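Proteins come first, then strands; the chains are lettered A, B, ... in the order of their sequence lines, and each starts at number 1. Treat the numbers as computed from the prediction; the structure is a model and nothing was measured.
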There are 2 protein chains.
Amino acid sequence: MTAPAPPSDLKLDDFLCFAVYSASHAFNRLYKPLLDELGLTYPQYLVMVTLWERDDRTVGEIGERLFLESNTLTPLLKRMEAAGLVSRSRDPADERQVRLRLTDEGRALLDKARQVPPCVLEATNLSSEEARSLTDQIGALRTALSR
Amino acid sequence: MTAPAPPSDLKLDDFLCFAVYSASHAFNRLYKPLLDELGLTYPQYLVMVTLWERDDRTVGEIGERLFLESNTLTPLLKRMEAAGLVSRSRDPADERQVRLRLTDEGRALLDKARQVPPCVLEATNLSSEEARSLTDQIGALRTALSR
DNA sequence: TGCGATTGGATCGTGCGCGATTATTTTAAG
DNA sequence: CTTAAAATAATCGCGCACGATCCAATCGCA
């Protein structure tokens with residue numbers, strides 16, 4: 001005679017999705033105080049990174065880079081515009097598109113922002129190589145899930 | 001003479017946090033249609049998993065398991081109560097605590113829910129061993145970040 | 001027994017993130 | 001040249017997720 005069956009064979013700790021979900025929240029909680037210094041939320045920080053990489057992008061381009069839709073980005077970008085970090089203006093050549101450009105203030109923020117990633121890497125307790133490997137594995141996972 | 005310096009040395013694709021963040025969204029988008037069948041959102045599904053593992057928990061216990069605060073859980077649990085999946089009642093022995101119990105309907109949902117994880121594993125394009133390894137790595141990451 | 005400190009949960013305000021819908025512009029077809 | 005179809009972004013509504021705050025119940029300790 002065996003032990004009584006467990007009430008459920010779904011084990012939360014086996015869920016890859018839950019590991020990712022809870023790690024994402026943990027990152028957010030870690031970033032919050034660091035980004036408060038810059039006056040940015042986490043998604044806003046990601047938008048800034050894309051614009052620091054290359055300025056003058058449309059809403060659609062930013063969304064493609066961050067895997068976000070315009071209904072998410074539009075209000076977020078308006079808040080960033082109100083904060084004086086970016087400018088939003090219709091492309092004269094195609095008035096459907098809104099182009100985002102860094103303001104001087106937005107460009108200047110890069111200097112302070114450089115301090116953030118080393119800070120975060122330290123908190124992960126991973127070497128650069130381990131972080132690289134994990135980033136690549138999870139990137140591949142995202143690609144697989146998005147099919 | 002070297003090539004002109006790039007406008008930014010912050011590369012989005014190097015960010016472990018962004019990999020996790022975007023993978024979390026990708027999971028959500030994958031789960032959405034599957035959980036719609038069960039009438040659950042993703043965080044609600046996680047609550048159900050914790051209750052299927054062990055029934056009759058307080059709000060605080062569920063929050064500890066899922067790394068969520070009461071201000072997130074309270075309205076979520078009220079919606080689940082309204083949907084007839086759980087009951088909420090004050091613990092007579094300590095009236096500060098609210099105990100969550102599965103209804104018959106909530107317990108019955110487990111059968112349909114069992115179909116979800118295999119479906120998701122397939123979408124990850126990972127073997128069980130690879131998924132296990134990645135889950136553990138990311139779990140360790142979450143632990144490190146939460147210090 | 002009494003009372004300050006702690007605990008557990010609820011409430012409020014802000015900011016994502018998405019599905020669905022709408023409006024406008026551009027492009028394509030006849 | 002006119003009309004249909006597609007692309008792009010904005011708008012609206014809902015559900016998390018969190019920090020800050022509040023309140024009631026309980027506990028600690030004299």
When rounded to whole Å, the CZ to P distance for the pair A:R29 and D:dG19 reads 7 Å

From the candidates D:dC16, C:dT25, D:dA25, the one with an atom nearest any side-chain atom of B:P43 is D:dC16

**Request:** For A:T41, answer base if it contacts any base atom (sugar-phosphate contacts may also be present), sugar-phosphate if it contacts only those atoms, and nothing otherwise; contact means non-hydrogen atoms under 4.0 Å.
**Result:** sugar-phosphate

Separation of D:dG19 atom P from B:L68 atom CG, nearest Å, is 11 Å

Walking DNA chain D from its 5' end, the first of B:Y42 and B:E95 to be reached, judged by nearest nucleotide, is B:Y42

For this session: Could you tell me if the ring centre of A:Y21 sits under 6.0 Å from that of A:F15?
Result: no

* Start with the C-alpha gap between B:V47 and B:V86, add the side-chain angles, then the distance that decides, and say whether side-chain contact (heavy atoms from CB on, under 4.5 Å) holds. => CA-CA 10 Å; B:V47 169; B:V86 300; 5.6 Å; no

In whole angstroms, the gap separating C1' of C:dC18 from OH of B:Y31 amounts to 18 Å

message = Quick one about A:T50 and A:R65 (side-chain donor to acceptor, distance below 3.5 Å, no hydrogens or angles considered), yes or no?
response = no

Rounded to whole Å, OH of B:Y21 lies from P of C:dG15 at a distance of 15 Å

Rounded to whole Å, the CG-P distance (A:L66 to C:dC16) equals 12 Å

Picking from D:dT8, D:dC27, C:dG17, the nucleotide nearest the side-chain atoms of A:T72 would be C:dG17

Value for CZ (A:R107) from CE (A:M48), rounded to nearest 0.5 Å, stands at 9.5 Å

Exercise. Can a side chain N or O of A:Q97 be found less than 4.0 Å away from OP1 or OP2 on C:dT26?
Worked result: no

Closest of D:dA9, C:dG17, D:dC18 to the A:T58 side chain is D:dA9

Original post:
With no hydrogens and no angle check, do the side chains of B:S133 and B:Q137 hold a donor and an acceptor under 3.5 Å apart?
Top reply: yes

Separation of D:dC23 atom P from B:D94 atom CG, nearest Å, is 20 Å

Does the gap between the ring centers of B:Y31 and B:Y45 come in under 6.0 Å?
-> yes

A:L40 CG to C:dC16 C1', in whole Å, measures 14 Å

query: Quick one: does A:N71 reach the base of C:dG19 with a side-chain donor-acceptor pair under 3.5 Å?
result: yes

Between CG of A:L30 and P of D:dA17 the distance, given in whole Å, is 18 Å

Against the side chain of B:V59, the closest entry in D:dT8, C:dA10, D:dA17 is C:dA10

With sequence neighbours left out, the residues meeting side-chain hydrogen bond (donor to acceptor under 3.5 Å, both in side chains) with B:T143 are none

Show which side-chain atoms of residues 69-84 of chain B pair as donor or acceptor with protein atoms under 3.5 Å away, not counting sequence neighbours.
from  : atom 1 : to    : atom 2 : distance (Å)
B:T74 : OG1    : B:S70 : O      : 3.0
B:E81 : OE1    : B:R88 : NH1    : 3.3

Per atom distances to the A:S70 side chain, the nearest of D:dA10, C:dG9, D:dA7 is D:dA10

- Would you mind classifying the nucleic acid contact of A:N28 as base, sugar-phosphate or nothing, using non-hydrogen atoms under 4.0 angstrom? nothing

Under a 4.0 Å heavy-atom cutoff, the residues of residues 73-91 of chain B touching DNA chain D are B:L76, B:R79

